[in-house]
Protein chains: 2
Amino acid sequence: MASIKDVAAEAGLSVATVSRALNGHPSVSEDARRRVSAAVEALGYRPNAVARSLRTDETRTLGLVISDVMNPYFTELARSVEEEARALGYSVIIGNADERPDLQDHHVTTLLDRRIDGLLVSPTDGGSPGMLGAARAGTPMVFVDRWIPGVDVPVVRSDGRAAVRDLVAHLHGLGHRRLAIIAGPAATTTGRERVDAFREALAAYGLELPDAYIGQGDFQAGSGRRVTEGFLDLPVPPEAVFAADNLMALGALDAIRARGLRVPDDIALAAFDDIPWFVHTDPPVTAIAQPTRDLGRAAVRALVDRIAGRPGASVTLPARLVVRRSCGEPGTGRPPSPSPVRRSTP
Amino acid sequence: MASIKDVAAEAGLSVATVSRALNGHPSVSEDARRRVSAAVEALGYRPNAVARSLRTDETRTLGLVISDVMNPYFTELARSVEEEARALGYSVIIGNADERPDLQDHHVTTLLDRRIDGLLVSPTDGGSPGMLGAARAGTPMVFVDRWIPGVDVPVVRSDGRAAVRDLVAHLHGLGHRRLAIIAGPAATTTGRERVDAFREALAAYGLELPDAYIGQGDFQAGSGRRVTEGFLDLPVPPEAVFAADNLMALGALDAIRARGLRVPDDIALAAFDDIPWFVHTDPPVTAIAQPTRDLGRAAVRALVDRIAGRPGASVTLPARLVVRRSCGEPGTGRPPSPSPVRRSTP
DNA sequence: CTGAAAGCGCTTACAG
DNA sequence: CTGAAAGCGCTTACAG
């Protein structure tokens with residue numbers, strides 16, 4: 001591949017002048033500029049970003065470590081991050097932690113070794129060594145969606161508290177009293193917050209959230225299935241299940257369907273995170289929608305601020321409830337089917 | 001950040017010896033090795049991958065340019081690619097072309113500038129200048145899913161021909177005769193092949209595929225919606241619609257629902273690409289499933305072969321039909337008429 | 001406006 | 001087994 005030296009030779013100029021011409025430096029004659037362009041064209045020259053990075057100590061690359069690419073919420077986040085980054089002249093490298101701290105650390109380390117300019121992360125847990133190390137090492141960093149308490153890094157996330165209250169009001173209005181939650185990992189902020197918000201909202205109606213109605217999931221479909229099976233096996237199963245993310249809702253749907261039960265007749269279902277498919281599931285799923293695009297944008301802006309030495313603002317955006325049919329037909333004041341009794345399993 | 005020079009100073013050794021120790025070179029004394037480890041530990045040293053790449057002329061990074069990250073098929077492909085690459089000691093940088101040739105070129109160029117070792121691409125069109133340039137420039141490259149005829153690069157893809165035949169047999173068996181397709185862009189191989197396969201399969205039953213029943217989509221949801229509306233506006237609308245990917249099927253579902261029509265009673269629907277949500281849509285969608293994970297793995301292996309100077313094999317894996325309920329109830333021999341019995345099991 | 005030179009952090013023949 | 005030195009492809013003070 002042609003190097004800047006080849007271009008210099010072809011143009012009959014020094015490497016320094018070619019470099020200046022290439023970078024739009026003002027003090028380059030029109031003539032030199034033209035000769036450089038011609039040489040570049042003739043040789044099909046493309047600057048070597050690796051060499052440039054070594055010299056300038058910046059890669060114009062952002063790292064994004066998310067917990068699960070297969071989760072449409074994170075996919076959309078990643079897309080929005082890439083768009084905003086591109087607009088600002090950055091590339092982004094995505095690392096998929098798959099909800100595993102060890103994999104997360106692997107990606108953080110790899111990214112740091114590649115000298116990315118800044119790191120965007122949605123931590124899988126309360127702080128793996130690699131993560132904490134990165135934060136301490138002073139790499140510009142911002143948390144998106146999830147964060148680690150006590151680590152001094154801007155956080156860009158959405159607050160679902162009000163939406164969860166709306167959801168509980170909705171469920172209560174439909175006559176549901178025994179409400180359960182499929183929680184995310186307690187090691188994550190979102191895992192804890194959604195349970196807390198749910199519990200608080202229930203308390204406002206004098207309702208309890210018994211331990212048996214808190215199922216421990218891991219934000220992935222399989223756990224949603226297992227937890228839901230557990231709920232259905234209870235002597236007194238819940239009337240409504242709130243899945244703390246869309247994948248666990250998918251798992252819940254699997255479990256419910258496998259038992260030959262129907263939503264919302266036999267059991268109501270709601271999910272955190274809204275996705276296009278929820279409009280078309282049987283039945284359409286009531287969900288809490290995050291302003292995902294805005295989150296991605298804000299996160300990149302905060303990170304770029306930090307990279308530039310500016311403070312980098314934390315941002316919290318509200319989530320909102322999207323009512324569909326999976327909790328019962330609105331307006332009836334009661335769950336659709338008169339007797340939400342557990343059916344015998346086929 | 002500590003550099004190798006700092007480590008050398010700390011260990012009381014030359015930079016050369018430190019480098020050798022770090023890279024597991026055999027001719028390093030046990031003593032030197034220990035001192036290097038201690039110094040690395042003390043300084044929290046991590047090798048600078050940028051510098052190493054400049055020197056060794058390899059980045060241990062693969063580029064993956066896909067047409068749409070938001071498409072679950074490509075997300076799964078990306079995930080599988082990253083897993084296999086990681087197992088082989090490579091990182092991967094994903095570029096999202098969003099079905100836009102210009103964006104695709106942007107990513108190809110950026111990736112090449114970063115001197116990735118090899119490029120995996122699912123071309124958005126028949127060959128944008130950047131793509132063709134990359135292929136000519138001799139960067140190790142392999143096509144996944146889609147390819148460009150005439151470009152001498154290994155192709156890893158799945159063949160849906162047999163599955164499409166099975167689908168048509170299924171539709172025909174259910175009594176459907178007026179079959180339509182929402183096609184992908186004619187500029188893509190998959191866009192063309194799926195139409196061709198569909199037409200051929202119809203021909204085997206003496207059925208035609210009139211132009212009015214070929215809707216031009218772009219593999220994204222919006223186009224599925226528009227095309228389906230067009231179909232429904234026809235004086236004689238089709239009895240069954242085959243969407244050439246899952247996103248266009250989503251759009252079709254949107255359009256059908258917006259008209260207050262029902263699947264499969266009013267119109268049957270099938271899709272290319274199977275995704276977990278298809279089990280839970282209303283009704284569950286009959287789809288053609290690709291061996292996505294295997295495709296990703298095979299693509300990485302072929303690419304790594306090329307990087308190593310080996311030939312790099314093209315691979316074609318069969319897709320298979322997964323029958324669900326969106327084309328009608330099997331066994332009735334007719335599209336499920338007036339009162340389709342609601343099943344509780346998939 | 002231009003060029004010679006230093007240097008970014010590594011690796012690797014070459015000598016010893 | 002170890003070290004001095006060259007060099008990967010750039011950018012950028014420093015001189016002119």
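First the proteins, then the strands, lettered A, B, ... as listed; each starts at 1. Just so you know, these numbers come straight off a predicted model, no measurement behind them.
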Separation of [Y] [atom2] from [X] [atom1] (nearest 0.5 Å):
| X | Y | atom1 | atom2 | result |
| --- | --- | --- | --- | --- |
| A:Arg157 | A:Ser314 | CZ | OG | 9.0 Å |
| B:Glu10 | B:Arg35 | CD | CZ | 11.0 Å |
| A:Asn96 | A:Asp68 | CG | CG | 6.0 Å |

Would one find a side-chain N or O of A:Ser14 under 4.0 angstrom from OP1 or OP2 of C:dG3?
yes
Please work out if B:Ala32 contacts a base, only the sugar-phosphate, or nothing of the nucleic acid, heavy-atom cut-off 4.0 Å.
sugar-phosphate
For A:Asp31, I'd like to know if atom CG has over 12 heavy atoms of other residues, nucleotides or ligands within 6.0 Å.
yes
Counting only heavy atoms not in B:Asn23, do more than 12 fall under 6.0 Å of its CG?
yes
Donor-acceptor pair, side chain of A:Thr75 and main chain of A:Val69, under 3.5 angstrom
yes
Candidates C:dC8, C:dC1, C:dG3 - which lies nearest the side chain of A:Ser27
C:dC1
Nearest to the side chain of A:Ser29, which nucleotide is it out of C:dG9, D:dG9, C:dC1?
C:dC1
Nucleotide [N], atom [atom2] - distance to [atom1] of [X] in whole Å:
| X | N | atom1 | atom2 | answer |
| --- | --- | --- | --- | --- |
| B:Leu54 | D:dA6 | CG | P | 17 Å |
| B:Glu30 | D:dC1 | CD | C1' | 13 Å |
| B:Leu22 | C:dG9 | CG | P | 15 Å |
| B:Met1 | C:dG9 | CE | P | 11 Å |
| B:Arg34 | D:dC1 | CZ | C1' | 15 Å |
| B:Leu13 | D:dC1 | CG | C1' | 11 Å |
| A:Lys5 | C:dA4 | NZ | C1' | 14 Å |
| B:His25 | C:dC10 | NE2 | P | 18 Å |

Listing request: all salt bridge (charged side-chain N to carboxylate O under 4.0 Å, His left out) pairs with a residue in residues 103-125 of chain B, at least two apart in sequence or in separate chains.
A:Arg46-B:Asp113
So which of B:Glu83, B:Glu82, B:Glu84 actually passes salt bridge (charged side-chain N to carboxylate O under 4.0 Å, His left out) with B:Arg86?
B:Glu82
Can you list, by residue number, the residues of residues 111-119 of chain A that have a non-hydrogen atom closer than 4.0 angstrom to DNA chain D?
none
Is C:dC1 paired to anything, Watson-Crick or G-U wobble with both distances less than 3.5 Å, and if yes, which nucleotide?
D:dG16
5' priority, DNA chain D, between B:Ala51 and B:Gly12 [closest heavy atom]
B:Gly12
For A:Leu54 and A:Val50: C-alpha separation, side-chain torsions, deciding distance, then whether side chain to side chain contact (heavy atoms under 4.5 Å, CB included) applies.
CA-CA 6 Å; A:Leu54 178 60; A:Val50 174; 5.9 Å; no
Shortest non-hydrogen separation from A:Leu22 to A:Tyr45 and the atoms involved:
CD2-CE2, 3.7 Å
Say you pick atom C1' in C:dT12 and the same atom in C:dG16; how far apart are they, in whole Å?
16 Å
For nucleotides 12-16 of chain C, list the nitrogen or oxygen atoms of the protein found under 3.5 Å from its nitrogen or oxygen atoms, one pair per line.
from   : atom 1 : to      : atom 2 : distance (Å)
C:dT12 : O4'    : B:Arg55 : NH2    : 3.4
C:dA13 : N6     : B:Arg20 : NH2    : 2.9

